[in-house]
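A short worksheet on the structure shown next.
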Amino acid sequence: MKQSAMPPRTGRIIELDIAKGLGILSVILYHTLPASPLHTALGGYMMPLFFVVSGLVMQRDACSFSLRRFWEKNARLLFYYILFSAIYLLCNAVTCIAGHGSYKALALDGIAALVGCGFNVLWFFSALLFGKLLCSLLTGSTLPRWAQGLFLAGLFLLAAGIGRAVDFTALSGVGRVLGMVGLTVLRPMEAAFYLFIGSLLQGAFRSLQNQCTKPAMVVACGIGGTVLTVGSGLLAQAAPQDMYDLTASRPLLSLAAAALGCAGILGISLALGKVPMLNKGLAYLGVHSLYLMAIHNQPNLYGWLNKLSVKLCAGLPGWYMQGMFFLLLTVAALIIAMGLEPRLDPAVRTLARRCTGQRKDQTNPERS
């Protein structure tokens with residue numbers, strides 16, 4: 001007998017869209033800042049946040065897993081991974097032909113795309129897809145919830161331990177390719193754990209959402225979330241992490257920092273959900289977060305806007321230039337996403353339906 005933790009959603013949850021909006025702003029800021037305490041603090045929670053938020057809207061079906069249903073809901077992640085990989089590899093190839101790029105780097109990016117590791121920020125798409133698959137397979141099994149949690153916690157610690165022991169960025173030759181395969185396998189292990197945690201918190205989040213109607217509760221969520229986020233940043237200084245190459249010198253402390261950061265951002269999102277105008281603006285960023293993730297840190301756009309911000313802020317302190325760079329990059333990526341999504345998203349969903357033989361009126365795909 002199927003038991004679903006949350007009923008199918010008929011609309012978006014604005015607080016979760018706000019959380020993703022804050023998350024994508026953190027990601028863009030992370031990629032515009034030089035090495036600094038703030039840079040380290042952002043890295044402590046920004047990627048786990050997206051996995052936890054996705055877990056908060058995952059359907060948990062007891063003792064039931066349908067590969068067809070999973071594909072219908074998540075096929076677009078694979079399509080976007082393939083599409084953006086092809087686009088950026090083509091751009092890099094043109095750059096190499098023009099004499100401004102490295103064919104070796106192009107070949108490595110191509111191999112990374114083929115094995116599912118992903119290059120640049122595109123690793124997020126494959127990690128989320130395979131992490132969802134692993135988490136869905138486990139939560140759809142007959143194992144009790146505590147056993148599922150222990151298994152995924154073990155996989156998380158295994159991935160973190162291997163990432164601590166092996167410097168994937170220092171590998172070369174055949175070892176570099178094997179390292180890519182390793183990252184393809186290990187990243188979803190960590191992602192699945194965060195997704196599972198998010199799925200466990202569905203009831204708690206809904207309860208807080210229902211209680212966050214009185215001004216006192218809104219203020220408490222805002223202040224509490226801010227305190228937790230600051231605490232996450234301070235803890236991240238002692239245990240920096242990066243899910244891209246699985247670098248975490250102290251995995252348990254990094255996990256604690258990520259947990260504090262995710263809880264803090266969700267608390268702030270509950271409070272900001274009651275702030276007119278601001279809530280809609282941040283939620284709008286959250287709605288476009290998947291496209292902003294794929295677009296914002298691409299070399300050509302990144303390099304051109306960096307040069308522009310340097311010219312605009314010539315003679316001013318470095319923080320002015322970084323702020324201008326962050327603003328230009330956010331606006332440019334959002335404009336591209338706004339023009340791309342209305343054309344691309346329906347086409348991808350139609351392709352997914354054709355691959356599964358599903359009619360348009362039968363689908364209500366989960367957005368995450």
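Throughout, residue positions are numbered sequentially from 1 according to the sequence presented. Model, not experiment: these values are computed from the prediction.
Under a 3.5 Å cut-off, the side chain of Y81 and the backbone N or O of A113 do form a donor-acceptor pair. Proximity of a side-chain donor or acceptor of T226 to a complementary backbone N or O of G222 within less than 3.5 Å is detected. For S254 (side chain) and A239 (main-chain N/O), a donor-acceptor pair under 3.5 Å exists by modelled atom type. With R187 contributing its side chain and C117 its backbone, the two residues share a donor-acceptor pair below 3.5 Å. A donor-acceptor distance shorter than 3.5 angstrom exists from the side chain of Q148 to the backbone of L138, with no hydrogens or angles considered. Side chain of S207 to backbone of G203: no donor-acceptor contact under 3.5 angstrom is found. The main-chain N or O of F196 is found under 3.5 Å from a side-chain atom of S199 such that the two form a donor-acceptor pair. No donor-acceptor pair under 3.5 Å is formed between the side chain of Q237 and the backbone N or O of T40. With T32 contributing its side chain and F326 its backbone, the two residues share no donor-acceptor pair below 3.5 Å. Checking side-chain atoms of T184 against main-chain N and O of V115 turns up a donor-acceptor pair under 3.5 Å.
Side-chain contact check for I18 versus I14: some heavy-atom pair is nearer than 4.5 Å. The side-chain heavy atoms of V275 and L272, taken from C-beta on, include a pair separated by under 4.5 Å. By the 4.5 Å heavy-atom criterion applied to side chains, I111 and R176 are not counted as neighbours. The shortest side-chain heavy-atom distance between D17 and L282 does not fall under the 4.5 Å cut-off. At least one side-chain heavy atom of L208 sits less than 4.5 Å from a side-chain heavy atom of M217. Contact check for T330 versus I24: no side-chain heavy atoms found under the 4.5 Å cut-off. Contact check for L312 versus L328: side-chain heavy atoms found under the 4.5 Å cut-off. By the 4.5 Å heavy-atom criterion applied to side chains, R145 and L200 are counted as neighbours.
Atom CG of L77 and atom CG of L133 lie 11.5 Å apart (nearest 0.5 Å). Atom CG of L22 is separated from atom OG of S289 by 11.0 Å, given to the nearest 0.5 angstrom. Between atom CG of residue L301 and atom CG of residue N306 there is a gap of 11.0 Å, rounded to the nearest 0.5 Å. The distance from atom CG of D109 to atom CE of M180, rounded to the nearest 0.5 Å, is 7.5 Å. The CG atom of L340 lies 5.0 Å from the CZ atom of F84; values are rounded to the nearest 0.5 Å. Note that CD1 of I87 and CD1 of I295 are 9.0 Å apart. Values are rounded to the nearest 0.5 Å.
Heavy-atom minimum distance, N279 versus G273: ND2-O, 3.0 Å. Smallest separation of non-hydrogen atoms from L235 and A256: CD2-CB, 3.6 Å. Annotation for R12 and K20: closest pair NH2-NZ, 3.4 Å, computed over non-hydrogen atoms. The two residues S26 and Y45 come nearest to each other via the heavy atoms OG-OH, 2.8 Å. Closest of all the heavy-atom pairs between L134 and A192 is CD2-CB, 3.7 Å. Q241 approaches A258 most closely through the heavy-atom pair NE2-CB, 3.8 Å.
For the 3.5 Å distance criterion, the side chains of Q209 and R206 fail to qualify, holding no donor opposite an acceptor.
Placement of V185 and L137 within a single hydrophobic cluster is found when ILVMFWY residues are connected by side-chain heavy-atom separations under 4.5 Å, directly or transitively. Note on I335 and M293: separate hydrophobic clusters, where clusters join Ile, Leu, Val, Met, Phe, Trp and Tyr whose side-chain heavy atoms are under 4.5 Å apart, directly or indirectly. Cluster annotation: V52 is connected to F205 through the hydrophobic network of ILVMFWY side chains, with a link wherever side-chain heavy atoms come within less than 4.5 Å. Under the 4.5 Å side-chain heavy-atom criterion for Ile, Leu, Val, Met, Phe, Trp and Tyr, L270 and L278 are members of the same hydrophobic cluster. Under the 4.5 Å side-chain contact rule for hydrophobic residues, V27 and L305 share a cluster.
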side-chain contact (heavy atoms from CB on, under 4.5 Å) evaluation trace for Y80 with Y291: CA-CA 9 Å; Y80 288 143; Y291 303 91; 2.9 Å; yes
Steps toward side-chain contact (heavy atoms from CB on, under 4.5 Å) verdict (L252, L157): CA-CA 8 Å; L252 292 179; L157 293 175; 3.8 Å; yes
side-chain contact (heavy atoms from CB on, under 4.5 Å) assessment of L171 paired with L178: CA-CA 9 Å; L171 299 176; L178 294 176; over 6 Å; no
Test side-chain contact (heavy atoms from CB on, under 4.5 Å) applied to L56 and I13, step by step: CA-CA 10 Å; L56 283 169; I13 303 174; over 6 Å; no
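Y194 pairs by the side-chain hydrogen bond (donor to acceptor under 3.5 Å, both in side chains) definition with nothing, not counting sequence neighbours.
Relative ring orientation between H39 and Y30 is described as parallel, the plane-to-plane angle staying below 30° on a 0-90° scale split at 30° and 60°. Taking the six-membered ring for Trp and thresholds of 30 and 60 degrees, W123 and F51 have ring planes inclined between 30 and 60 degrees apart.
The local environment of CZ in F151 is sparse, with at most 12 non-hydrogen atoms from other residues, nucleotides or ligands closer than 6.0 Å. More than 12 heavy-atom neighbours from other residues, nucleotides or ligands sit within 6.0 angstrom of OH on Y103.
Geometrically, R76 does not engage F125 in a cation-pi contact defined by less than 6.0 Å to the ring centre and at most 45° from the axis.
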